Structures are given as C-alpha cells and as structure tokens.
Undergrad: 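Here it is, the structure, as structure tokens.
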Amino acid sequence: MPDSNPSNPSNDSNQADQLHAMRHSLAHIMATAVQHLWPEAKFGVGPVVENGFYYDIDLGKAKVSEEDFGKIEAEMAKIITADEPFTKSEKPVDEAIAWAQQAKQPYKEELLNDLKRAGTTVAKDLNADELGTITEGDAQVANVSFYQNGDFTDLCRGPHVESTGKTGAFKLLRVAGAYWRGNEKNPQMQRLYGVAFATDQELHNHLALIEEAKKRDHRKLGQELDLFTISDLVGPGLPLFTPRGTVLRNELVRFSEELQRTAGYEAVWTPHMTKVELYQASGHYEKYPERFDVSSVESTDKFMLKPMNCPHVTQIYASRPRSYRDLPLRYMETTTMYRDEKSGELHGLSRVRALTQDDSHAFVRPDQIEEEMSNILGMVKQMYLTLGMDLSVDLSFRDDGDNYFGDPKVWKAAQDILEGVAKAQELNYKIELGEAAFYGPKIDIHVADALGRKWQCATVQLDFVQPERFGLEYIDEHGAKQRPAMIHKAILGSIERFLSVYIEHTAGKFPIWLAPEQVRVITVNQEEATVAFADKILSQAKEKGVRLYVDNSNESVGKKIRAAEVAKVPYTLVIGEKEIASSEVIPRIRKDMAVMDVPMTIGIDQFIGTVVNEAKSRVLKTSL
RNA sequence: GCCACCUUAGCUCAGCUGGUUAGAGCAUCAGUUUUGUAAACUGAGGGUCGUCGGUUCGAAUCCGACAGGUGGCUCCA
C-alpha cells in the first residue's frame with residue numbers, strides 16, 4: 001500500500017488534517033468499491049471517526065458480511081493503484097437534488113432537502129462536517145460541493161487527498177447495523193468500518209493494540225481469575241459473583257461507604273420490591289412505561305422490582321416532620337436494583353439487569369446545595385485517585401425538548417449551581433445538552449476501558465422535581481413550610497460496571513487492598529514439618545484478616561510459582577527447610593509492584609503486619 | 001429490540017468439500033516422584049458437537065426456528 005507523507009511533517013495539526021483527509025478519502029474509495037460490486041447500493045453518510053472511517057450503505061435485500069471484505073479491499077486496492085484524482089465541483093442545491101433523484105440516491109436527496117431548509121430543520125445528527133455545506137450557520141444553503149473520483153461522485157464538503165493513491169494504510173474491520181440518521185424508526189443500513197493510518201507501521205501498531213485490549217477483556221479475565229460467571233439458566237445480564245469476585249465488590253463498597261460515613265451519610269435499607277404506585281408518583285412510570293414489568297403478588301396491588309432507589313428513600317424522609325435544623329439529611333444505601341434492559345444491550349458486567357449502586361440521597365436546604373455537592377465531588381476524587389484512574393467530567397444539562405419535568409427557571413438555576421461547583425472544584429468539564437435526567441441536571445464522571453470506550457461511573461444529580469412530586473417539606477426558622485432539594489449520587493456507580501472497567505484498567509493486577517488472594521504460600525514438599533509451618537502461617541493470616549491461601553499440592557515448585565503468577569497474586573512465599581529453621585521468608589513480589597517496601601528477608605509476623613498495613617492504607621503500588 | 005457474525009470437553013482450539021467408536025494442549029482425578037523461585041513423569045475420567053425440527057442411506061458438517069454470545073446501532077431513570 002502506498003505511503004503518503006504529509007508535506008510538512010513537523011506540523012502536527014497539518015499532519016492531523018492530512019490523516020483526516022486520507023481517512024475521509026478512504027471512505028469514498030470504499031463506497032466506490034461497494035458501488036462497483038453492488039451497483040444498486042444507496043449511500044448514507046461516510047464520516048471519519050477515531051482511528052478510521054465508516055460508510056453507511058443500504059444494499060436493499062443484499063447484505064454485506066465480513067466475508068466480503070476481501071473482495072471489497074481488493075476493489076479498493078485497484079482504485080488506489082489507479083491513483084484517480086479527487087476533483088471538487090459545486091452545484092446549486094436544486095440541481096444537486098435533481099442529481100440525487102437521477103442517481104437514485106434517496107438518502108442523499110433527503111440530506112440535500114434538509115440542507116436546503118437548513119435553519120428550519122431540527123435534525124441534530126445532520127453533521128455539517130460531512131456534507132457539502134458551503135454557507136455557515138442557519139442560512140439557507142445556496143450551493144453544495146461534490147467530490148468525484150473515477151466513476152464515483154459524492155455529496156461532500158471535503159477536504160480530500162489529491163488522488164486515490166495518497167491514502168496510507170487501511171484495513172476493513174467490521175460491519176454493523178446502524179439506523180439511518182441514528183433513529184430507531186428509520187431503516188437500518190449497513191455500516192462498514194475501517195481503520196486507517198498514514199503508514200503500515202502505525203496500522204500494525206493499532207491492530208496490535210486491539211489484540212492487547214482483548215487480553216484485558218473483563219469477561220475473559222473474569223473467567224481466568226475466577227471472579228464471576230454468567231449462567232444461561234439464571235439468565236442473561238444476571239452475573240453471579242464467586243468468592244474472589246465478591247471480595248472485590250465488598251472491598252470497593254467498604255471504601256465507598258467509609259468515604260460517605262465520613263461525610264455524614266447514614267445507612268438506610270429499603271426493600272427490593274414495591275408497589276407500582278410509587279413509580280407513578282415519582283413520574284418514572286410515565287417516562288418509561290414499557291420498562292415496568294409488573295407482577296401481582298396478592299390482592300389487587302401490583303408489585304415490581306425496584307429499578308432505582310430514590311423514590312423509596314423519599315418515603316423515609318417523608319415518614320416524619322423535618323426541621324431546617326435536621327438538614328442536610330444524608331442517606332446511603334448500597335443496593336441492587338433490576339432493570340429490563342433490551343437483550344442486545346447487555347454486555348458482560350458493563351450492562352446488566354441486576355445492578356448494585358453505592359447510592360445516596362441527601363435532602364438539603366437550597367443554601368446547602370453547593371457545599372454538599374462539593375463534598376460529594378471530593379469523595380469521588382478521593383476514590384478514583386486511590387484507584388489510580390483518570391476521570392472525564394460531563395455536565396449533563398437539559399436541551400429545549402419537552403422531556404423534562406419541572407419549571408425551566410428552576411432548571412436554569414440548578415444548572416448554574418452545578419457549573420459553579422464544577423468551576424470551584426477546578427474540574428475540566430464539558431457540557432452535554434440533552435443528557436440530563438428528566439428530573440434534573442447531572443455531573444457525570446466517565447472512565448475509559450481498555451478499548452478506549454468510555455463508561456459512566458460516578459454521577460451526582462441535583463433534583464427539585466421528586467421533592468415536589470412527593471410533597472417533601474421541612475419547617476424553616478419562621479415556621480413556614482419549605483421544599484428541600486435532593487442530591488443523588490453514586491461514587492462507583494454500578495459496582496458491576498465499575499468492575500468491568502477496573503478489571504480492564506488493571507488487567508487483573510489488583511492492589512493489595514483489593515486482591516482476592518493477597519498471599520500464596522507454596523510448600524517445597526509435603527512433609528509434616530512443612531505442612532505444620534504452612535498451617536501456622538495460615539492461622540496467623542486468618543487472625544489478622546489477610547487473604548492467604550496455601551498451595552500444598554504435589555507439584556514442582558516451579559509449577560506452583562507459575563500458577564501463582566498466572567493468578568496475579570501479589571505476594572508468594574515459598575517455604576521449606578530453610579524457612580522453618582529461621583522462621584523467616586523471602587516474599588516473592590508480583591512483577592508490576594514496587595519492590596522496595598518489603599525487605600528481602602522478613603519474619604512471618606512482620607510480613608503479615610506489612611500486608612495488613614498496605615491493605616489498610618490502600619496503597620497503590622502497581623505500575624500499570 | 002435491530003443488523004452481521006459466532007456456539008465442538010471446565011478453558012483455548014483442531015476436525016478438508018456430509019461417510020466407521022469426535023481429537024489436542026491446559027485444567028481435573030489417580031499413581032510414581034518429595035521437588036527451592038514461571039510448566040516433573042505415567043495413566044484415567046470428561047463431549048447426545050447450544051436446543052429443537054428438517055434434508056439425506058448417512059449430519060458436528062447442509063437448511064430452518066429458537067436460545068446464548070461477539071461487534072455495532074438504538075436505549076441507559
């Protein structure tokens with residue numbers, strides 16, 4: 001494949017533009033190849049995405065599968081070898097519409113019609129970058145631009161590389177279904193994805209990275225490290241946690257609850273089942289009627305499993321009169337809830353039907369909102385700093401749609417408060433319009449997994465709507481009734497989702513405080529004295545709460561060490577005659593961990609003490 | 001839910017275009033060995049080839065439905 005060197009390699013933005021043009025040109029070349037192979041193809045849009053490009057294509061009854069990639073790539077190679085120039089032209093928009101009709105490209109025609117009406121259209125996915133928009137802003141579009149290569153012409157804003165030969169290295173990766181303009185009600189097209197880079201070497205590196213990411217997949221590691229399982233009999237989206245996986249869950253929750261307790265939160269407990277009326281009162285039923293699978297238990301009441309927690313907690317607040325002196329009232333509950341996710345959306349631990357949140361709700365006076373939110377963000381920062389993970393922060397605000405409950409003025413005020421807090425906390429945030437919950441704006445914290453996919457973990461939500469709907473109140477200093485605000489938060493978010501990200505982040509090399517097995521003792525032989533010594537170490541560990549296992553199997557020492565390494569156990573102690581005689585051990589330390597903290601030779605008591613301290617202080621010793 | 005693909009032992013995978021009792025490595029179990037820092041040796045058990053139905057003299061292999069999974073799309077209170 002021919003390389004294309006940017007004209008000015010020292011200029012990064014120039015290089016980025018060049019790569020963008022290459023990828024975009026490859027999208028056109030792929031479309032050209034598809035048109036050669038399936039002349040009836042109707043084209044949607046073909047933008048550049050991270051690491052590559054895609055094109056949405058409708059072949060009618062015919063379907064592209066990954067088996068076809070060979071011949072598509074071969075056809076693309078022909079086009080690239082032909083080194084056809086990309087030539088730009090402009091047409092008045094009406095002429096362009098006529099072209100689309102004549103070329104039997106209904107999707108292009110629709111886009112052009114929208115462009116013509118630009119300013120009145122509300123299609124937010126009308127991505128101006130990918131179209132031939134000449135004018136900017138809301139004005140009507142007069143002219144649109146086209147690019148032609150060989151026998152393929154496409155509505156396109158450009159820019160492109162000069163000719164098809166200058167497109168670098170690429171590979172088609174997969175085909176997926178994608179709804180036209182991202183709307184479920186529209187026809188589904190086939191989206192052909194490719195990756196592309198300036199050089200073969202970069203492409204090779206990227207593909208190697210994908211392979212590496214596969215090794216860290218939490219579903220694979222969950223099996224290998226014996227953390228969780230998903231049984232067909234129990235059902236999809238309902239993971240079961242083994243003893244080792246449960247250690248991870250419990251330790252994380254313990255930390256989260258410690259942080260919350262320090263910040264004044266008190267534990268509450270609510271049942272996992274409720275009458276449907278609760279969710280009619282909260283407004284959730286109205287918003288998600290199809291999600292409430294209802295079972296009748298007794299009498300005429302209809303019950304459901306709780307899909308969330310806040311409406312339940314409002315009833316604890318409402319159970320007695322509250323004074324302004326009582327606020328903030330802070331309730332926390334780490335609890336499991338149940339949501340009927342669509343089958344195609346389930347994914348390992350990231351998206352499940354039974355999810356556990358380290359949830360909390362603070363009921364606060366308006367003057368207490370900022371401080372409470374700051375405290376919460378402090379907890380979030382401390383959690384993720386301890387775990388060594390990077391955050392990205394979104395302020396999820398409402399858009400102009402009518403999906404939201406409550407007074408828009410109150411919304412504006414709530415959003416201003418959130419942004420103020422984000423600024424005060426010096427968060428590097430971006431605002432996402434239309435991402436708010438129906439009851440209020442959110443601060444959403446995202447963490448990336450090994451494949452670079454971002455997952456929402458922590459969330460802080462400011463809610464004036466539910467206190468209103470449930471008629472929550474407190475008596476102020478003048479004896480008047482006032483309405484509290486409600487602040488929802490989760491630090492880990494869904495524990496299951498958090499674990500999916502965290503397992504991939506660490507590749508299963510957990511720090512001492514989280515490691516399901518902190519120490520493994522390997523016996524050199526099975527003689528009585530050795531077994532007795534191992535037992536003694538084991539009981540000392542148990543006494544101090546250290547998670548230690550003994551491998552006394554009749555295998556070679558080398559094999560047992562390998563097994564401990566594969567299981568990613570932080571410390572391994574080999575015991576034999578020497579250790580029994582001296583009562584000292586030489587801890588073998590997992591490779592990713594710093595070596596200096598533990599001396600070469602150490603007494604058993606002292607070693608156990610070190611492990612206890614490291615776990616207690618939640619040291620992050622791994623270099624990932 | 002939608003589109004493409006996948007499903008053979010606990011795990012990772014062979015099994016060519018349909019043709020006798022479906023294989024391997026790891027893991028498990030048993031025996032030998034009593035082991036000193038990333039894999040001792042020998043042997044054994046383990047699969048109605050995801051399920052159901054169809055085509056065929058004959059199906060792990062071809063077709064269909066269903067289930068589960070993978071990658072996306074849509075959704076995520």
Side-chain angles (χ1 to χ4, degrees), chain A residues 54 56 58-59 63-69 173-193 210 214 217 219-220 223-224 226 229-233 235-237 279 282-288 290-292 306-311 337 339-348 350-353 355 357 403 405 435-440 442 444 451 453 455-456 459 461 463 465-466 488 493-494 497 522-527 530 552-566 572-579 586-589 591:
Chain A
Y54 69 78
D56 283 350
D58 181 355
L59 295 181
K63 297 287 176 215
V64 177
S65 89
E66 280 161 37
E67 280 176 27
D68 298 318
F69 282 1
L173 226 47
R174 63 180 83 95
V175 58
Y179 298 105
W180 168 236
R181 307 186 83 164
N183 189 329
E184 219 177 342
K185 296 192 176 67
N186 286 339
Q188 191 162 41
M189 311 183 73
Q190 288 196 285
R191 178 168 295 177
L192 274 57
Y193 281 97
I210 293 176
K214 276 188 195 158
D217 190 304
R219 293 161 300 191
K220 185 175 154 69
Q223 159 71 29
E224 286 173 4
D226 189 21
T229 185
I230 297 176
S231 147
D232 288 1
L233 271 178
Y279 282 86
S282 70
H284 291 91
Y285 188 89
E286 189 182 324
K287 280 286 162 196
Y288 303 91
E290 76 288 356
R291 295 299 186 93
F292 288 77
K306 65 174 171 185
M308 58 185 358
N309 229 12
C310 28
M337 39 233 195
R339 298 179 180 182
D340 182 26
E341 304 288 358
K342 292 186 197 170
S343 59
E345 289 156 358
L346 300 172
H347 179 96
S350 333
R351 195 73 180 275
V352 293
R353 285 181 167 136
L355 60 123
Q357 264 191 0
N403 291 323
F405 288 9
E435 294 296 318
F438 72 82
Y439 50 72
K442 310 187 282 182
D444 288 324
L451 282 168
R453 292 172 298 201
W455 294 97
Q456 186 193 312
T459 182
Q461 311 179 355
D463 180 1
V465 169
Q466 291 197 64
H488 312 236
S494 150
R497 171 175 298 180
I522 289 174
T523 54
V524 168
N525 56 46
Q526 280 71 55
E527 278 157 31
T530 317
N552 187 37
S553 59
N554 179 7
E555 297 288 353
S556 67
V557 171
K559 185 165 182 173
K560 293 200 270 189
I561 285 175
R562 181 167 194 279
E565 286 286 344
V566 169
T572 305
L573 308 178
V574 177
I575 59 162
E577 276 176 39
K578 280 182 285 184
E579 288 75 17
I586 303 172
R588 190 188 156 94
I589 301 166
K591 287 213 171 67

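Here is how names work: the chains are called A, B, and so on, in the same order as the sequence lines, proteins then strands, and each is numbered from 1. Keep in mind the model is a prediction, meaning the values are calculated, not measured.
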Undergrad: Whole-Å distance between B/U70 C1' and A/Lys214 NZ?
TA: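 Those two atoms, NZ and C1', are 10 Å apart.
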Undergrad: Work out how far the C1' atom of B/C16 is from that of B/C62, and round it to whole angstrom.
TA: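 Comparing C1' positions in B/C16 and B/C62 gives a spacing of 16 Å.
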Undergrad: Heavy atoms, side chains only, cut-off 4.5 Å: are A/Arg181 and A/Met189 in contact?
TA: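 No, too far: nothing below the 4.5 Å cut-off.
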Undergrad: Show your working on side chain to side chain contact (heavy atoms under 4.5 Å, CB included) between A/Gln190 and A/Asp56 and close with a plain yes or no.
TA: CA-CA 6 Å; A/Gln190 288 196 285; A/Asp56 283 350; over 6 Å; no
Undergrad: Just how far is it from atom NZ of A/Lys306 to atom NE2 of A/His284, taken to the nearest 0.5 Å?
TA: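 Answer rounded to 0.5 Å: 13.0 Å.
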Undergrad: Does any donor atom in the side chain of A/Lys560 or A/Thr523 lie under 3.5 Å from an acceptor atom in the other side chain?
TA: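 Note: A/Lys560 and A/Thr523 side chains meet the donor-acceptor criterion.
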Undergrad: What's the CG-C1' distance between A/Asp56 and B/C73, to the nearest Å?
TA: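 To the nearest whole Å, that distance equals 9 Å.
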Undergrad: I need the CZ-C1' distance between A/Arg351 and B/U74, as an integer number of Å.
TA: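 Result: 10 Å.
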Undergrad: Could you run down the sub-3.5 Å N/O contacts of the protein with nucleotides 4-8 of chain B?
TA:
none

Undergrad: Between A/Tyr179 and A/Pro187, is there a side-chain heavy-atom distance shorter than 4.5 Å?
TA: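 The answer is no, as the side chains (C-beta and beyond) never meet within the 4.5 Å cut-off.
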Undergrad: Flag yes if more than 12 heavy atoms outside A/Glu577 fall under 6.0 Å of its CD atom; otherwise flag no.
TA: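 No, because the 6.0 Å sphere around CD of A/Glu577 holds 12 heavy atoms or fewer from other groups.
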Undergrad: What residues, two or more places apart in sequence or in another chain, satisfy side-chain contact (heavy atoms from CB on, under 4.5 Å) together with A/Lys342?
TA: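 If we apply the side-chain contact (heavy atoms from CB on, under 4.5 Å) test to A/Lys342, skipping adjacent residues, the hits are A/Glu184, A/Glu345.
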Undergrad: Within less than 4.0 Å of OP1 or OP2 of B/U70, is there a side-chain N or O belonging to A/Arg219?
TA: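 Looking at the OP1 and OP2 atoms of B/U70, one of them is under 4.0 Å from a side-chain N or O of A/Arg219.
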Undergrad: According to the Watson-Crick and G-U wobble definition with distances under 3.5 Å, which dot-bracket string, read 5' to 3', encodes RNA chain B, using [ ] for crossing pairs and | for pairs with another strand?
TA: (((((((..((((.....[...)))).(((((.......))))).....(((((..]....))))))))))))....
Undergrad: Can you name the closest pair of heavy atoms from A/Pro311 and A/Tyr279 and give their distance?
TA: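 Minimum heavy-atom separation between A/Pro311 and A/Tyr279: CG-CE2, 3.5 Å.
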Undergrad: Produce a footprint string for nucleotides 25-38 of chain B: one letter per nucleotide, 5' end first; B if the base is under 4.0 Å from any protein heavy atom, S if only the sugar-phosphate is, - if neither.
TA: --S----BBBBBBB
Undergrad: Under 4.0 Å from OP1 or OP2 of B/G71: is there any side-chain N or O of A/His347 that close?
TA: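 Checking B/G71 against A/His347, a side-chain N or O does come within under 4.0 Å of OP1 or OP2.
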Undergrad: Regarding B/C3, can its base be found pairing with the side chain of A/Arg174 as donor and acceptor, where the two atoms are less than 3.5 Å apart?
TA: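 There is none.
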Undergrad: Is any side-chain heavy atom of A/Leu59 less than 4.5 Å from a side-chain heavy atom of A/Val64?
TA: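 When only atoms from C-beta onward are counted, A/Val64 and A/Leu59 do touch, with a gap below 4.5 Å.
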Undergrad: Kindly assign one of parallel, tilted or perpendicular to the pair A/His488 and A/Tyr439, based on the angle between their ring planes and the thresholds 30° and 60°.
TA: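 The arrangement is parallel - the two ring planes meet at less than 30°.
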Undergrad: In whole angstroms, how far is the C1' atom of B/A77 from the CE atom of A/Met308?
TA: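 My rounded result for the distance is 4 Å.
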Undergrad: Tell me the interatomic distance from A/Leu233, atom CG, to B/G50, atom P, rounded to whole angstroms.
TA: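 That distance rounds to 17 Å.
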Undergrad: Using the P atom as the point on both nucleotides, what is the distance between B/G69 and B/A27, in whole Å?
TA: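 It works out to 29 Å between them.
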Undergrad: List the steps, then state whether side chain to side chain contact (heavy atoms under 4.5 Å, CB included) holds for A/Leu346 with A/Arg353.
TA: CA-CA 8 Å; A/Leu346 300 172; A/Arg353 285 181 167 136; 3.6 Å; yes
Undergrad: At 4.0 Å (heavy atoms only), tell me whether A/Tyr179 reaches a base, stays on the sugar-phosphate, or touches nothing.
TA: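 Since a base atom lies under 4.0 Å of A/Tyr179, the category is base.
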Undergrad: Once you round it to whole Å, what is the distance between C1' of B/A77 and NZ of A/Lys287?
TA: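 To the nearest whole Å, that distance equals 10 Å.
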Undergrad: For nucleotides B/C66 and B/A30, find the distance between their P atoms and express it as a whole number of Å.
TA: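 One P to the other, the span is 46 Å.
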Undergrad: For atom C1', what is the distance between B/U70 and B/U17, given to the nearest Å?
TA: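 Approximately 28 Å lies between the C1' atom of B/U70 and that of B/U17.
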Undergrad: P atom, B/A9 versus B/C49: distance in rounded Å?
TA: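 Here B/A9 and B/C49 have their P atoms 10 Å from each other.
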Undergrad: Quantified in whole Å, what is the C1' atom distance between nucleotide B/U42 and nucleotide B/A4?
TA: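 Pairwise C1' distance, B/U42 against B/A4, rounds to 48 Å.
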Undergrad: Do you know which two heavy atoms are closest between A/Phe69 and A/Val175, and how far apart they sit?
TA: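 The pair with the smallest heavy-atom distance is CZ-N, 3.8 Å.
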Undergrad: For A/Glu66, which residues count as a salt bridge (Lys or Arg N to Asp or Glu O under 4.0 Å) partner, sequence neighbours excluded?
TA: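 A/Glu66 satisfies salt bridge (Lys or Arg N to Asp or Glu O under 4.0 Å) with no residue once adjacent residues are dropped.
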Undergrad: Once you round it to whole Å, what is the distance between C1' of B/C3 and OH of A/Tyr193?
TA: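 Result: 12 Å.
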Undergrad: Scan nucleotides 9-18 of chain B against the protein and return all N/O pairs shorter than 3.5 Å with their distances rounded to 0.1 Å.
TA:
none

Undergrad: Ignoring hydrogens, what is the shortest heavy-atom contact between A/Arg339 and A/Leu355? Give both atom names and the distance.
TA: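 Looking at all heavy atoms of both residues, the shortest contact is CD-CD2, 3.9 Å.
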Undergrad: Quantified in whole Å, what is the P atom distance between nucleotide B/U28 and nucleotide B/U7?
TA: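 To the nearest whole Å, 27 Å.
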Undergrad: Using atom C1' in both nucleotides, what's the gap between B/G18 and B/C3 to the nearest angstrom?
TA: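 Nearest-Å result for B/G18 against B/C3 at atom C1': 31 Å.
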Undergrad: Rounded to the nearest 0.5 Å, how far apart are CZ of A/Arg497 and NE2 of A/His347?
TA: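 It is 10.0 Å, given to the nearest 0.5 Å.
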Undergrad: Students often get this wrong, so: under 4.0 angstrom with heavy atoms, is A/Arg353 touching a base, only sugar-phosphate, or nothing?
TA: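 Counting heavy atoms under 4.0 Å across all strands, no contact is made by A/Arg353.
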Undergrad: Verify side chain to side chain contact (heavy atoms under 4.5 Å, CB included) between A/Asn403 and A/Lys287, making sure each step is shown before the conclusion.
TA: CA-CA 8 Å; A/Asn403 291 323; A/Lys287 280 286 162 196; 4.1 Å; yes
Undergrad: Whole angstrom is fine here: how far is it from OH in A/Tyr54 over to P in B/G71?
TA: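 My rounded result for the distance is 19 Å.
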Undergrad: Side-chain donor or acceptor of A/Arg191 under 3.5 Å from a matching atom on the base of B/C73?
TA: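 Looking at the base of B/C73, it does not pair with any donor or acceptor on the side chain of A/Arg191 (distance under 3.5 Å).
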Undergrad: Given that A/Pro236 and A/Lys342 both sit by RNA chain B, which one's nearest nucleotide is further toward the 5' end?
TA: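 Mapping each residue to its closest nucleotide by heavy atoms, the 5'-most match is A/Lys342.
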